[in-house]
Amino acid sequence: MTLPPPPFGSAGEHRLQQQLGTTERAARFYDQQVRPCLTPEMRAFIGRQAMVFLATADSRGECDASFRAGPPGFVHVLGDQALAYPEFRGNGVLASAGNMTENPHLGMLFVDFTHHHVGLHVNGVARLYGDTELRALHPTLPTGIAPGRAPELWVHLRVEEAYIHCSKYIPHLEPAPRPAGHSPARPKDAAYFTGSQRPAPVGASYPSTEG
């Protein structure tokens, strides 16, 4: 008798589960932890987060990992099966958004490093919208997320699955104020990995000027 495939997960992970003998353990995880939509607790959790890690790939499957941050609620929950976050002017590369135009599958990982030490995976299908276009569909989108800056795009995600990330190895981090003089466009950032700027020793303080 051939059993139906599990409702979640890829064919590749199911094959590997069979090879390594983890099928039953994985089935319990799918049944107990994975949901096809955002539960009320998940929606509240997302609304408290100030950062999210993104996973995208282009049409050839070449991957990119990225990061977004903002005030709590910058990733706006639109219901139990949708959320959206803004894309602001950056370096002009548009790697993540560009991938989404070729391959709309988007993985998001929210991690609470400071309080509950738990993470949340949200996977689904993304679509890009202009600010006016998405606000016409969802008038409750937040405004003033970044004072003086308007979103160039919004990423809308139709949620297909959401599940917990185990807290066992999530480190505890203490929130700290941003260094004085920080600017998103400071030249130091580009120089950090090119050899023209050496990292400050552990415990050293950075100068408050842009330099």
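Keep in mind that this is a model prediction, so the values were computed, not measured. Values below: every heavy atom of this structure, side chains too, minus hydrogens, waters and symmetry copies.
- Take D112 and apply the side-chain contact (heavy atoms from CB on, under 4.5 Å) test, not counting sequence neighbours, and it matches F45, Q49, T114, H115, H116.
- Here W154 contributes atom CH2 and T132 contributes atom OG1; the two are 12.0 Å apart, rounded to the nearest 0.5 Å.
- Residues F88 and L153 fail the side-chain proximity criterion, which asks for heavy atoms closer than 4.5 Å.
- Residues L38 and V118 fall within the same hydrophobic cluster, defined by Ile, Leu, Val, Met, Phe, Trp and Tyr side chains chained together at heavy-atom separations under 4.5 Å.
- A distance of 13.0 Å separates SG in C166 from NE2 in H117, rounded to the nearest 0.5 Å.
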Starting from the C-alpha separation in whole Å, work towards a yes-or-no answer on side chain to side chain contact (heavy atoms under 4.5 Å, CB included) for L78 and L141. CA-CA 8 Å; L78 298 170; L141 286 176; 4.1 Å; yes
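- Taking the side-chain hydrogen bond (donor to acceptor under 3.5 Å, both in side chains) definition, one finds that S59 meets it with E102, sequence neighbours left out.
- Under the 30°/60° scheme for interplanar angles, the aromatic rings of H138 and H156 are found to lie parallel.
- With a 4.5 Å cut-off on side-chain heavy atoms, N99 and S96 do not count as touching.
- V125 and L109 are members of different hydrophobic clusters when ILVMFWY side chains are connected at heavy-atom separations under 4.5 Å.
- Between the side chain of R149 and the backbone N or O of R89 there is at least one donor-acceptor pair closer than 3.5 Å.
- Between L83 and V77 the shortest heavy-atom distance is CB-CA, 4.1 Å.
- We find the CZ-CD1 distance between F74 and I46 to be 10.5 Å, quoted to the nearest 0.5 Å.
- In this structure, F67 and F53 have tilted ring planes: the angle between them lies in the 30° to 60° band.
- Within 6.0 Å of CZ on R48 lie more than 12 heavy atoms contributed by other residues, nucleotides or ligands.
- Contact between C37 and M42 at its shortest, heavy atoms only, is O-SD, 4.0 Å.
- Both L54 and V155 are members of a single hydrophobic cluster when ILVMFWY side chains are connected at heavy-atom separations under 4.5 Å.
- For the residue pair Y129 and R127, a side-chain donor N or O sits within less than 3.5 Å of a side-chain acceptor on the partner.
- The side-chain contact (heavy atoms from CB on, under 4.5 Å) search around P36 returns F8, not counting sequence neighbours.
- Closest non-hydrogen pair, M51 versus F110, comes out as O-CD2, 3.7 Å.
- The hydrophobic cluster containing V75 also contains L128, counting ILVMFWY residues as joined when their side-chain heavy atoms lie under 4.5 angstrom apart, directly or transitively.
- Counting heavy atoms from C-beta outward, I145 and P71 have side chains that approach closer than 4.5 Å.
- How far CD of E152 is from CD of E87: 9.0 Å, rounded to the nearest 0.5 Å.
- Note that NE2 of H165 is 11.0 Å distant from CG of L120, once rounded to the nearest 0.5 Å.
- Residue E161 comes nearest to G9 through the heavy atom pair OE1-N, 4.2 Å, listed as atom of the first residue, atom of the second, then distance.
- Not counting sequence neighbours, D31 has no partner by the salt bridge (Lys or Arg N to Asp or Glu O under 4.0 Å) test.
- Here the closest non-hydrogen pair linking L157 and G124 is CD1-C, 3.4 Å.
- When side chains are defined from C-beta on, D58 does not count as touching N103, because their heavy atoms never get closer than 4.5 Å.
- Residues passing the side-chain hydrogen bond (donor to acceptor under 3.5 Å, both in side chains) test with S66, sequence neighbours excluded: R68.
- In this structure, R60 contributes its side chain and A57 its backbone to no donor-acceptor pair below 3.5 Å.
- For R135, the side-chain hydrogen bond (donor to acceptor under 3.5 Å, both in side chains) partners are D131, not counting sequence neighbours.
- Annotation for I170 and G119: closest pair CD1-N, 3.7 Å, computed over non-hydrogen atoms.
- Both Y163 and Y30 are part of a single hydrophobic cluster, where members link through side-chain heavy atoms under 4.5 Å apart.
- Residues N123 and E160 have side chains that never bring a donor and an acceptor to within less than 3.5 angstrom of each other.
- The CG atom of L20 sits 12.5 Å away from the CZ atom of R15 when rounded to the nearest 0.5 Å.
- T22 places no side-chain N or O within 3.5 Å of a backbone atom of R25 that could act as its donor or acceptor partner.
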